[in-house]
A.B. asks: 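Could you have a look at this structure, given as C-alpha cells, before my questions?
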Number of protein chains: 2
Amino acid sequence: MAEEQTRENTDRRDRRQNPVPVQRHCPVEATADLIGGKYKSLILYKLTGETLRFSQLRKAVPCATPKVLTRQLRDLERDGLVRREVFPVVPPKVEYSLTDFGRSIRPVLEAMSAWGRGYLQERRRKEKNAEDETA
Amino acid sequence: MAEEQTRENTDRRDRRQNPVPVQRHCPVEATADLIGGKYKSLILYKLTGETLRFSQLRKAVPCATPKVLTRQLRDLERDGLVRREVFPVVPPKVEYSLTDFGRSIRPVLEAMSAWGRGYLQERRRKEKNAEDETA
DNA sequence: CCGTATCCGCCCGGATACTG
DNA sequence: CAGTATCCGGGCGGATACGG
C-alpha cells in the first residue's frame with residue numbers, strides 16, 4: 001500500500017482539475033518541479049559525493065530550520081532523489097544520501113553552481129559601480 | 001533613482017534580519033533564487049534562440065495566467081536575464097528576448113531539459129509497472 | 001494586444017517549543 | 001540526535017474582470 005501512496009503523490013503539487021492537459025510536463029518544468037524548492041538544489045549539491053547526517057545537513061544548510069529541512073528532505077525522498085537511512089542506535093542516527101537517480105542530476109547542479117558564480121560576480125560588480133557613482 | 005531601486009531590490013526575496021550572514025549566497029542557491037519561480041526556467045527556455053511577443057509567450061506557457069506570466073517576466077527583467085522592448089505602435093507590441101546574461105544560463109536549462117526527459121521516462125516506467133502489478 | 005486590478009486560497013517557509 | 005507540534009505571516013500563483 002505504500003507503493004500506491006507513492007504513485008498517488010508522484011505529482012506532488014496537487015494541481016486539481018488542471019485546465020491544460022496538453023503537455024502538462026515538459027522536461028524543464030518537470031525538473032523545476034522537483035528541485036524548485038528553496039533549498040532542494042542546495043541539499044542535493046551538498047549531498048553530492050558524501051552521505052550526511054541530519055545535523056550535518058543543518059550545518060550545511062544553516063538557513064533552513066529543522067522543519068523546513070525535514071520537509072524538503074521528505075520531498076526529495078518521495079521523489080526518489082534522496083535515500084534516508086535510519087540506524088536504530090542511541091543516540092539516534094539518520095543518514096541521507098543520494099540515490100542513483102539523485103546522483104544523475106549532478107550535471108544540473110554543476111551547471112547551476114557554475115552559472116551562479118558568474119551571476120554573483122556580475123552582481124558584485126554592479127553593486128560596486130553603483131557605490132562608486134554614489135560616492 | 002531607478003538605479004537605486006534596482007540596487008535595493010537586488011535581493012528580491014526580502015529576508016530581513018537574516019540570522020546567518022555567513023555565505024548568504026552560495027552559487028547554487030543564487031541560481032535557484034533567480035530561476036526558481038514556477039515558470040521562469042520554462043520561459044527562459046522558450047526564449048532561447050528567439051524573441052517572443054507576450055501573446056506568443058502565453059501560448060508557449062499556457063498554464064500561466066497573464067498576471068503570473070507578467071510577474072515572472074518582470075522578475076526576470078529586473079534580474080537582468082530578459083529584455084523587454086515596447087514598440088509604440090497600434091496595436092501595442094512588446095517583445096521579450098534574452099539578454100547576453102540570460103543567454104549565458106542556457107547550459108543550466110539544457111541540463112534541466114536533458115535530465116527532465118530521463119525523469120519523465122523513469123516516471124512513466126514506474127507507473128506502467130504499478131499498473132501491471134495491479135492488473 | 002498587452003497587460004493591470006482585485007480577490008483569494010494555499011502552501012511554503014519562519015519561530016519557538018517540545019518529545020522519543 | 002533527529003526530528004514533531006503549533007502557530008503564524010507572506011508571497012506566489014490562480015480566477016475573473018477590466019483598462020490603455
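To find a chain, count down the sequence lines: A is the first, B the second, and so on, and within it residues start at 1.
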A.B. asks: If you round to the nearest 0.5 Å, how far is SG of C26(A) from CE of M112(B)?
C.D. replies: 8.5 Å
A.B. asks: Rounded to the nearest angstrom, tell me the gap between atom CD in E95(A) and atom C1' in dC1(D).
C.D. replies: 13 Å
A.B. asks: Figure out the CD/C1' separation between Q72(B) and dG11(D), and round it to whole Å.
C.D. replies: 12 Å
A.B. asks: Nearest whole angstrom, please: distance from the P of dG14(D) to the CZ of R58(B).
C.D. replies: 12 Å
A.B. asks: Take atom CG of D75(B) and atom P of dG3(C), then tell me their distance rounded to the nearest Å.
C.D. replies: 14 Å
A.B. asks: Distance check needed: dA2(D) C1' versus R53(A) CZ, whole Å only.
C.D. replies: 9 Å
A.B. asks: Please give, in whole Å, the distance from dC12(D) C1' to L73(B) CG?
C.D. replies: 15 Å
A.B. asks: Considering only residues two or more places apart or on different chains, which pairs with a residue in residues 95-105 of chain A satisfy side-chain hydrogen bond (donor to acceptor under 3.5 Å, both in side chains)?
C.D. replies: R84(A)-Y96(A), D100(A)-R103(A), S104(A)-W115(B)
A.B. asks: How long is the line joining CD1 of I43(B) and P of dC12(D), in whole Å?
C.D. replies: 14 Å
A.B. asks: Tell me which nucleotide among dA2(D), dG13(C), dG3(C) gets nearest to the side chain of V94(B).
C.D. replies: dG3(C)
A.B. asks: Donor-acceptor pair under 3.5 Å: do we get one between K67(A)'s side chain and the base of dG3(D)?
C.D. replies: no
A.B. asks: Give a yes/no answer on whether the side chain of T65(A) brings an N or O atom under 4.0 Å of OP1 or OP2 in dA15(C).
C.D. replies: no
A.B. asks: For the CZ atom of R106(A) and the OG atom of S113(A), what is their distance to the nearest 0.5 Å?
C.D. replies: 10.5 Å
A.B. asks: Is it true that, when you exclude R124(A) itself, more than 12 heavy atoms of the residues, nucleotides or ligands shown sit nearer than 6.0 Å to its CZ?
C.D. replies: no
A.B. asks: Is S55(B) near enough to dC2(C) that one of its side-chain N or O atoms lies under 4.0 angstrom from OP1 or OP2?
C.D. replies: yes
A.B. asks: Quick one, I43(B) and Q72(B) - any side-chain contact, counting heavy atoms below 4.5 Å?
C.D. replies: yes
A.B. asks: Quick one: Q56(B) CD to dG3(C) C1', roughly how many Å, whole number?
C.D. replies: 16 Å
A.B. asks: Kindly calculate the angle separating the two end axes of the helix from dC1(C)-dG20(D) to dG20(C)-dC1(D), each obtained from five base pairs, and round it to 10 degrees.
C.D. replies: 50°
A.B. asks: Compare side-chain N and O positions of K38(A) against OP1 and OP2 of dG14(C) and report whether any pair is under 4.0 Å apart.
C.D. replies: yes
A.B. asks: To the nearest 0.5 Å, tell me how far R83(B) CZ sits from L73(B) CG.
C.D. replies: 14.0 Å
A.B. asks: Kindly say if R74(A) contacts the phosphate of dC12(C), meaning a side-chain N or O under 4.0 Å from OP1 or OP2.
C.D. replies: no
A.B. asks: Any side-chain to backbone donor/acceptor pair from Q56(A) onto R53(A)? Under 3.5 Å, distance only.
C.D. replies: yes
A.B. asks: When clusters are formed from ILVMFWY side-chain contacts under 4.5 Å, directly or step by step, what else is grouped with V89(A)?
C.D. replies: F87(A)
A.B. asks: Between T70(B) and dC2(C), is there a contact of a side-chain N or O with OP1 or OP2 at under 4.0 Å?
C.D. replies: no
A.B. asks: Quick one: which of dG13(D), dC2(C), dG3(D) gets closest to the side chain of P92(B)?
C.D. replies: dC2(C)
A.B. asks: Would you say R71(B) reaches dG13(D)'s phosphate, i.e. side-chain N/O to OP1/OP2 under 4.0 Å?
C.D. replies: no
A.B. asks: Think Y96(A) has a side-chain N or O under 4.0 angstrom from the OP1 or OP2 of dC1(D)?
C.D. replies: no
